[in-house]
Amino acid sequence: MNLHSIADFFIHLDRHMAAISSHYGPWTYGILFLIIFCETGLVVTPFLPGDSLLFVLGAMAAVGDLKLGLLLILLCAAAVGGNMLNYAIGSFLSFEITNHKALPFVNQAYIKRTHEFFEKYGAKTIIITRFVPIIRTFAPFMAGVGNMPYGKFSLYNFIGGVAWVLVGIFSGFFFGNLPWVQKNFSAVILGIVVISLIPALFEYLKHRQSR
């Protein structure tokens, strides 16, 4: 898949999700579970849609194309479970990371940026970064690397995962089918992606300036 195809998928996420739902029927829920699980659970897939996907799914649930209750249960489970896997992977690879060994499948710049979030916000990073694309994928990984107590991580992970899914789904459910939003849906989705990246961009520029 080239860069143009990836950009088209994100910008026209509503069309692609409608096609997937129509083609795969009940299996759509399994596909959605895997997308959210991998986006939060594997450091090699931070590019998968998160915030914008939840918004689109909420809008589809509002018109009856998807079942709201089932979406909430499955995606909350995927968000929480994905982070648990990521934490376990980080814990397993903690020796290599703490000894500054580069891992071929991990972007070192993202690790450094996520570490700065932990230094600033502590354990609350697990909740805060749920709403920051890319870094939310690396936060549980770094929590495992840093040996954050499992009980504390689990609590913050549950709160953050459920809050993220609820905010995303219900934003789409209540606002996704407003006439103005429907008329400019692709622009709205692009706007969500851009806005969600602002915190990460701000931290990056702040870091550059401090250097």
Side-chain angles (χ1 to χ4, degrees), residues 1 3-86 110 126-140 157 160-178 181-182 184-200:
M1 183 179 289
L3 186 60
H4 180 269
S5 299
I6 295 174
D8 178 76
F9 180 78
F10 274 88
I11 295 173
H12 302 295
L13 192 57
D14 56 321
R15 301 178 193 173
H16 293 291
M17 280 312 310
I20 290 173
S21 177
S22 175
H23 184 74
Y24 292 101
W27 290 102
T28 301
Y29 296 98
I31 295 171
L32 295 174
F33 180 93
L34 286 175
I35 291 175
I36 296 299
F37 184 85
C38 291
E39 198 260 357
T40 58
L42 302 175
V43 291
V44 294
T45 53
F47 55 84
L48 290 173
D51 306 297
S52 54
L53 176 62
L54 294 177
F55 185 86
V56 169
L57 297 179
M60 294 176 67
V63 295
D65 290 341
L66 294 170
K67 296 179 180 179
L68 178 62
L70 187 55
L71 274 180
L72 293 174
I73 293 172
L74 285 177
L75 299 190
C76 282
V80 173
N83 264 21
M84 298 303 288
L85 173 64
N86 221 339
Y110 292 150
I126 300 300
I127 297 176
I128 296 169
T129 55
R130 276 291 186 176
F131 300 89
V132 184
I134 298 178
I135 293 182
R136 76 166 145 257
T137 306
F138 285 84
N157 176 36
V162 172
W164 177 57
V165 171
L166 292 180
V167 169
I169 292 290
F170 281 116
S171 294
F173 188 86
F174 290 114
F175 303 109
N177 292 291
L178 295 177
V181 175
Q182 280 294 303
N184 303 278
F185 207 91
S186 294
V188 171
I189 295 301
L190 184 60
I192 291 173
V193 173
V194 172
I195 291 172
S196 61
L197 286 171
I198 288 177

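Ring geometry, Phe173 versus Phe170: the interplanar angle exceeds 60°, so the pair is classed perpendicular (tilted spans 30 to 60°).
Judged purely by atom type and a 3.5 angstrom limit, Thr137 has no side-chain atom pairing as donor or acceptor with the backbone of Val43. The closest donor-acceptor contact from the side chain of Tyr29 to the backbone of Lys67 lies under 3.5 Å. The closest donor-acceptor contact from the side chain of Thr45 to the backbone of Leu42 lies under 3.5 Å. Remark: side-chain polar atoms of Ser171 are paired, donor with acceptor, to backbone N or O of Val167 under 3.5 angstrom. Asn157 places no side-chain N or O within 3.5 Å of a backbone atom of Ile126 that could act as its donor or acceptor partner. Asn86 contributes a side-chain N or O that, together with a main-chain N or O of Thr40, makes up a donor-acceptor pair within less than 3.5 Å.
The line from CZ of Phe55 to CD1 of Ile192 is 4.5 Å long, rounded to the nearest 0.5 Å. Note that CG of Asn184 is 11.5 Å distant from CG of Leu178, once rounded to the nearest 0.5 Å. The CG atom of Leu74 sits 11.0 Å away from atom CG of Leu66, with the distance rounded to the nearest 0.5 Å. The structure places OG1 of Thr129 at 11.0 Å from CH2 of Trp164, a figure rounded to the nearest 0.5 Å. Taking CG of Leu166 as the reference point, atom SG of Cys76 lies at 5.0 Å (rounded to 0.5 Å). Distance check: Asn83 CG to Glu39 CD gives 9.5 Å after rounding to the nearest 0.5 Å.
Side-chain contact between Leu53 and Leu32 is present, with at least one heavy-atom pair separated by less than 4.5 Å. No side-chain heavy atom of Phe138 sits under 4.5 Å from any side-chain heavy atom of Val132. Side-chain contact check for Thr28 versus Met60: every heavy-atom pair is 4.5 Å or farther apart.
In this structure, Leu48 and Ile35 approach most closely via the heavy-atom pair CD1-O, 3.7 Å. Closest approach of Ala59 to Gly176, counting heavy atoms only: CB-CA, 3.9 Å. Nearest heavy-atom pair across Ala62 and Asn177 is CB-ND2, 3.3 Å.
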Checklist line | Trace of the side chain to side chain contact (heavy atoms under 4.5 Å, CB included) decision for Val80 with Val165 | finding: CA-CA 10 Å; Val80 173; Val165 171; over 6 Å; no

